[in-house]
Amino acid sequence: MEHFNAASEEDLERALLSCLRSHRWAGRVADHRPYPDLDSLLAAADEAAYDLGWPDLTEALAAEPLPALPPDTYAAAHTALSAAHAAYEARFGHVFVICLDGVSPSEALDRLLEAIRSRLTNDPEEERVVAAEELRRLARERLVNALRGAGNCANSHNESAAGR
């Protein structure tokens with residue numbers, strides 16, 4: 001927490017934007033420093049995420065990374081995932097995003113495909129709510145991972161999955 005609280009404005013903004021690519025979110029989290037502990041920081045990050053409007057969420061969704069599938073994933077899985085992502089983006093107009101924190105690498109592909117297929121049945125407004133919640137969860141996990149490693153949130157994208 002000391003490193004986070006003492007970081008320069010520029011360094012903190014860069015780190016926060018690597019957790020969630022929303023300038024509004026990063027600004028709100030940064031503006032409330034210093035934080036006495038991790039729980040206070042996470043509460044502020046959650047609150048800032050809950051207050052984001054659709055334009056802010058669109059900004060964040062546009063910057064989500066492509067999924068990192070295990071190197072031994074068979075080609076048919078890549079094809080299925082690409083088709084599912086294309087169908088999702090055609091339906092909702094933005095990338096699919098999901099927090100896979102706590103999911104083992106061996107289960108990640110199945111969980112990802114199951115979630116994208118399930119969420120394709122959502123209406124657009126319902127899916128906006130789900131996508132916003134997934135972004136909040138991703139930002140929270142990336143922030144925790146960055147603080148544990150005293151580094152940048154971008155180093156902890158292994159728990160996320162998004163697609164174009």
Side-chain angles (χ1 to χ4, degrees), residues 1-73 81 85 88 92 94-116 118-119 127-164:
M1 285 309 311
E2 292 173 27
H3 178 73
F4 183 89
N5 286 328
S8 71
E9 292 284 330
E10 298 81 27
D11 288 345
L12 185 60
E13 180 179 18
R14 189 172 29 259
L16 289 171
L17 286 173
S18 69
C19 293
L20 182 66
R21 189 62 113 153
S22 164
H23 286 86
R24 184 168 182 233
W25 177 84
R28 288 206 42 208
V29 173
D31 288 348
H32 289 93
R33 283 191 300 171
Y35 292 99
D37 54 37
L38 179 60
D39 289 338
S40 299
L41 171 59
L42 294 177
D46 284 348
E47 182 179 336
Y50 287 128
D51 289 343
L52 294 177
W54 187 242
D56 304 308
L57 294 169
T58 300
E59 175 188 29
L61 284 165
E64 280 300 306
L66 294 171
L69 296 177
D72 62 345
T73 302
L81 187 58
H85 280 300
Y88 180 93
F92 298 112
H94 60 84
V95 298
F96 176 79
V97 63
I98 185 170
C99 181
L100 294 173
D101 183 55
V103 175
S104 72
S106 64
E107 296 175 7
L109 179 60
D110 288 338
R111 181 74 63 89
L112 177 60
L113 287 169
E114 176 187 327
I116 199 168
S118 171
R119 287 172 49 190
E127 184 54 27
R128 284 182 180 188
V129 172
V130 174
E133 176 61 16
E134 292 298 325
L135 283 172
R136 184 197 63 77
R137 290 180 59 216
L138 284 169
R140 182 183 181 89
E141 285 303 311
R142 291 170 180 164
L143 193 52
V144 167
N145 289 342
L147 288 172
R148 284 185 183 145
N152 187 305
C153 295
N155 295 330
S156 58
H157 285 301
N158 60 345
E159 79 287 344
S160 69
R164 304 218 185 280

task: State, yes or no, whether a side-chain contact exists between Tyr35 and Val29 at a heavy-atom distance under 4.5 Å.
output: yes
message: So, using salt bridge (Lys or Arg N to Asp or Glu O under 4.0 Å) as the criterion, who are the partners of Glu47 when residues are at least two apart?
response: Arg28
Residue list, salt bridge (Lys or Arg N to Asp or Glu O under 4.0 Å) with Arg136, at least two apart or on another chain: Asp46, Glu133
message: So, using side-chain hydrogen bond (donor to acceptor under 3.5 Å, both in side chains) as the criterion, who are the partners of Glu127 when residues are at least two apart?
response: Tyr88, Arg119, Asn122
message: Side chains of Asp101 and Arg140, heavy atoms from C-beta outward: is any pair under 4.5 Å?
response: no
message: Using side-chain heavy atoms (C-beta onward) and a distance below 4.5 Å, is Glu64 in contact with Arg21?
response: no
- prompt: Hey, does Ile98 have a side-chain heavy atom less than 4.5 Å from the side chain of Leu138?
  reply: no
Side chain to side chain, Leu52 and Leu135, heavy atoms closer than 4.5 Å: no
message: Side chains of Glu9 and Arg33, heavy atoms from C-beta outward: is any pair under 4.5 Å?
response: yes
field: Nearest-0.5 Å distance, CG of residue Leu61 to CD of residue Glu134
entry: 11.0 Å
- request: Evaluate the criterion salt bridge (Lys or Arg N to Asp or Glu O under 4.0 Å) for residue pair Glu114 and Arg111; output intermediate values, then yes/no.
  value: CA-CA 5 Å; Glu114 176 187 327; Arg111 181 74 63 89; 5.2 Å; no
- prompt: Which pair of non-hydrogen atoms, one from Ala131 and one from Val97, has the smallest distance, and what is that distance?
  reply: O-CG1, 4.0 Å
task: Please lay out, stage by stage, how Met1 and Leu41 fare under the test side chain to side chain contact (heavy atoms under 4.5 Å, CB included).
output: CA-CA 9 Å; Met1 285 309 311; Leu41 171 59; 4.0 Å; yes
query: When rounded to the nearest 0.5 angstrom, what is the spacing between CG in Asp51 and OG in Ser22?
result: 11.0 Å
- request: Identify the two heavy atoms, one from Ala45 and one from Leu143, that lie closest to each other, and give their separation to 0.1 Å.
  value: CB-CD2, 3.9 Å
query: Does the side chain of Leu57 come within less than 4.5 Å of Trp25's, by heavy atoms?
result: no
message: Using a 3.5 Å distance criterion without hydrogens, assess whether the side chain of Asp56 forms a donor-acceptor pair with backbone atoms of Gly53.
response: yes
- request: Measure the shortest side-chain to side-chain distance between Glu13 and Leu16 over non-hydrogen atoms and say whether it is less than 4.5 angstrom.
  value: no
field: Minimum heavy-atom distance Leu20-Ala60, with the two atoms named
entry: CD1-CB, 3.6 Å
